[in-house]
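By convention in this document, chain letters (A, B, ...) are assigned in the order of the sequence lines, proteins followed by strands, and residues within each chain are numbered from 1. Everything numeric in this text was worked out from a predicted model, so none of it was measured.
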2 protein chains.
Amino acid sequence: MSEPSPSGSEKIAHEEETPCRSCKVGRLGFCRFFKDVLPDAPAPFYMGRQSFLRRRTLYTQSSSIKHIHVVREGWAFRYMLSQDGRRQILSYQLPGEIISPSFLFSSQPQFAGQSLTKLETCVFDVELIRRECQQDPSFLDHVIATCLSEKEDYEMRLFELGRCRAEERLARLILYLESKQESMDLKANDRIQFPLTQQDIADTLGLTQVHVSRVLREFRERELILSRQGFLEIKDANALRELATGSL
Amino acid sequence: MSEPSPSGSEKIAHEEETPCRSCKVGRLGFCRFFKDVLPDAPAPFYMGRQSFLRRRTLYTQSSSIKHIHVVREGWAFRYMLSQDGRRQILSYQLPGEIISPSFLFSSQPQFAGQSLTKLETCVFDVELIRRECQQDPSFLDHVIATCLSEKEDYEMRLFELGRCRAEERLARLILYLESKQESMDLKANDRIQFPLTQQDIADTLGLTQVHVSRVLREFRERELILSRQGFLEIKDANALRELATGSL
DNA sequence: CGAGTACTTGAGACGCCTCAAAAAGGGTGG
DNA sequence: CCACCCTTTTTGAGGCGTCTCAAGTACTCG
């Protein structure tokens, strides 16, 4: 359970400063904006790279934020933790995504962030990026749009948690993660990455791990999905969409 | 069920153009920023006032947004509606608040908005405000901060819906609406406004109206609260906070 | 006073939870 | 490659919280 210091600059590797325009995740998520707007990106706010093992803390509720991370490889997630240990996962970040875009506007998080899998990030200096926002309106627009799209995700999730059954919640989560990977070009021939444990799913959907196990079994028995070791195959997308219906 | 056209400019009254600095809600919520940043506010983007009866639609998922409303008097709320009629209430707006601040960045809402009580609003032209944002960075900052604070509310609500029992959800909603009114100077001697029906509460907290009725009765019997006709008195704030505990 | 809306109460059902223990998987070192 | 450990998943039995249906009561407002 030992954790690397979240902002220990001695841990940041400076070798290999691939410019965004030739980076393998350069066309994904937020990196795309970097690339489009700033010809020399990631200069000048780039601080190097950092890697994390599985399930390592990137920041906590009490962290003061000086750096932001953009995912290069692997998955990260944000979550809230109550004092008595209940966890609610808020969102997942895939390659190309900023782990917490709102840090660019306010530095006091009310949630924590972890690596879900082995993770590699590009690290940027918050202050320098803020300054860039002030000078470059179209860059600022991208940052705002990123924050707002997270807000829209939250709205869908509120509907899910408040008004959907377990089956529906799970179907929607699977389809959500599929479409996210599809839109980010991370989907390889019908198989999507699915590194969540059942406990992660439970803490995302407001269920218990045991119940998630049962609903997943049902999905498998009905041949809606097929899952093994970190990947998931959607066998019957129409039936899944049927289950997820009621939304808009 | 007849509804006033949400953007019918012929319905907008232009008389009485109180400047924000002498408006009775001028120090509340977003209006405060208007007042501070723009000496001549609400000019030049002010379009007049509009009033709505109880439970009237201000905009729907398919509206294209040209105006934004700021509450002068009464309450409004935003909600999502599924095709089969399930409703999830997302947030409430009190005097001084923009009914949907994110309209200033993207015009296609994925939710709907209604008046909760009789409602009076100031109407502004979205395009003109956007232009102001481009020219006045500190005004833009306020707008962004407003959007982000809604996002933080959502994060708390996700924890509530995903990880709290009915009792805890209700306690948190009551305390939330209390502190909101307190911070907006709308609280009069221990009594807060509480115009929600039990169905509204249910659709906010992911419960049924029947169950809300029972939990409310319990709260009353335990002398935690005392409610009548649109108002609510918090009799035992400590016990309520105890119930809402687990959060952070 | 009547009509509609909101709230209360009861009985029974169901979805999801809790607890518990066993099985399966995955990683590591010998 | 196997033995071991730790994490994750599966399965069962029973209980609780919340839902559904339904009917009756209390508001509120014209």
| said: My understanding is that only residues two or more places apart in sequence, or in another chain, count here; which of them pass side chain to side chain donor-acceptor pair (under 3.5 Å) with A:Arg163? | reply: B:Asp203
Result block: side-chain N/O donor-acceptor pairs under 3.5 angstrom for residues 231-240 of chain B, not counting sequence neighbours:
residue  : atom : partner  : partner atom : Å
B:Asp236 : OD1  : B:Asn238 : N            : 3.4
B:Asp236 : OD1  : B:Ala239 : N            : 3.1
B:Asn238 : OD1  : B:Arg241 : NH1          : 3.2

| request: Pull out every residue in residues 196-208 of chain A that has a heavy atom closer than 4.0 Å to any atom of DNA chain C, ordered by number, or say none. | output: A:Gly206, A:Leu207, A:Thr208
| query | Mind checking whether A:Arg217 and A:Val212 have side chains closer than 4.5 Å, heavy atoms only? | reply | no
Show each protein N/O and nucleotides 12-16 of chain D N/O combination with a separation under 3.5 Å, one pair to a line.
residue : atom : partner  : partner atom : Å
D:dG12  : N7   : A:Arg214 : NH1          : 3.4
D:dG12  : O6   : A:Arg214 : NH2          : 3.3
D:dA13  : N6   : A:Arg214 : NH2          : 3.2

| Residue list, side chain to side chain donor-acceptor pair (under 3.5 Å) with B:Glu160, at least two apart or on another chain | B:Arg172
| message | Using a 4.0 Å heavy-atom cut-off to protein, can you give one letter per nucleotide of nucleotides 24-30 of chain D, 5' to 3': B if the base is in contact, S if only the sugar-phosphate is, - if neither? | response | ----S--
| message | Below 4.0 Å from chain A heavy atoms, what is the first contacting nucleotide of DNA chain C and what is the last? | response | C:dG15 to C:dG26
| said: Let me check the geometry of the helix from C:dC1-D:dG30 to C:dG30-D:dC1. What is the bend angle between the axes at its two ends, five pairs each, to 10°? | reply: 50°
| For A:Tyr79, which residues count as a ring pair (Phe, Tyr, Trp, His ring centres under 6.0 Å) partner, sequence neighbours excluded? | A:Phe77
| remark: Contacts of A:Lys24 meeting side chain to side chain donor-acceptor pair (under 3.5 Å) (sequence neighbours excluded), chain-then-number -> A:Glu73
| Taking only residues two or more places apart in sequence, or in another chain, which ones meet A:Ser100 in a side chain to side chain contact (heavy atoms under 4.5 Å, CB included)? | A:Tyr59, A:Arg78, A:Ser102, A:Phe103, A:Phe111
| field | side chain to side chain contact (heavy atoms under 4.5 Å, CB included) against B:Thr204, all qualifying residues, sequence neighbours excluded | value | B:Ile89, B:Tyr92, B:Arg157, B:Leu173
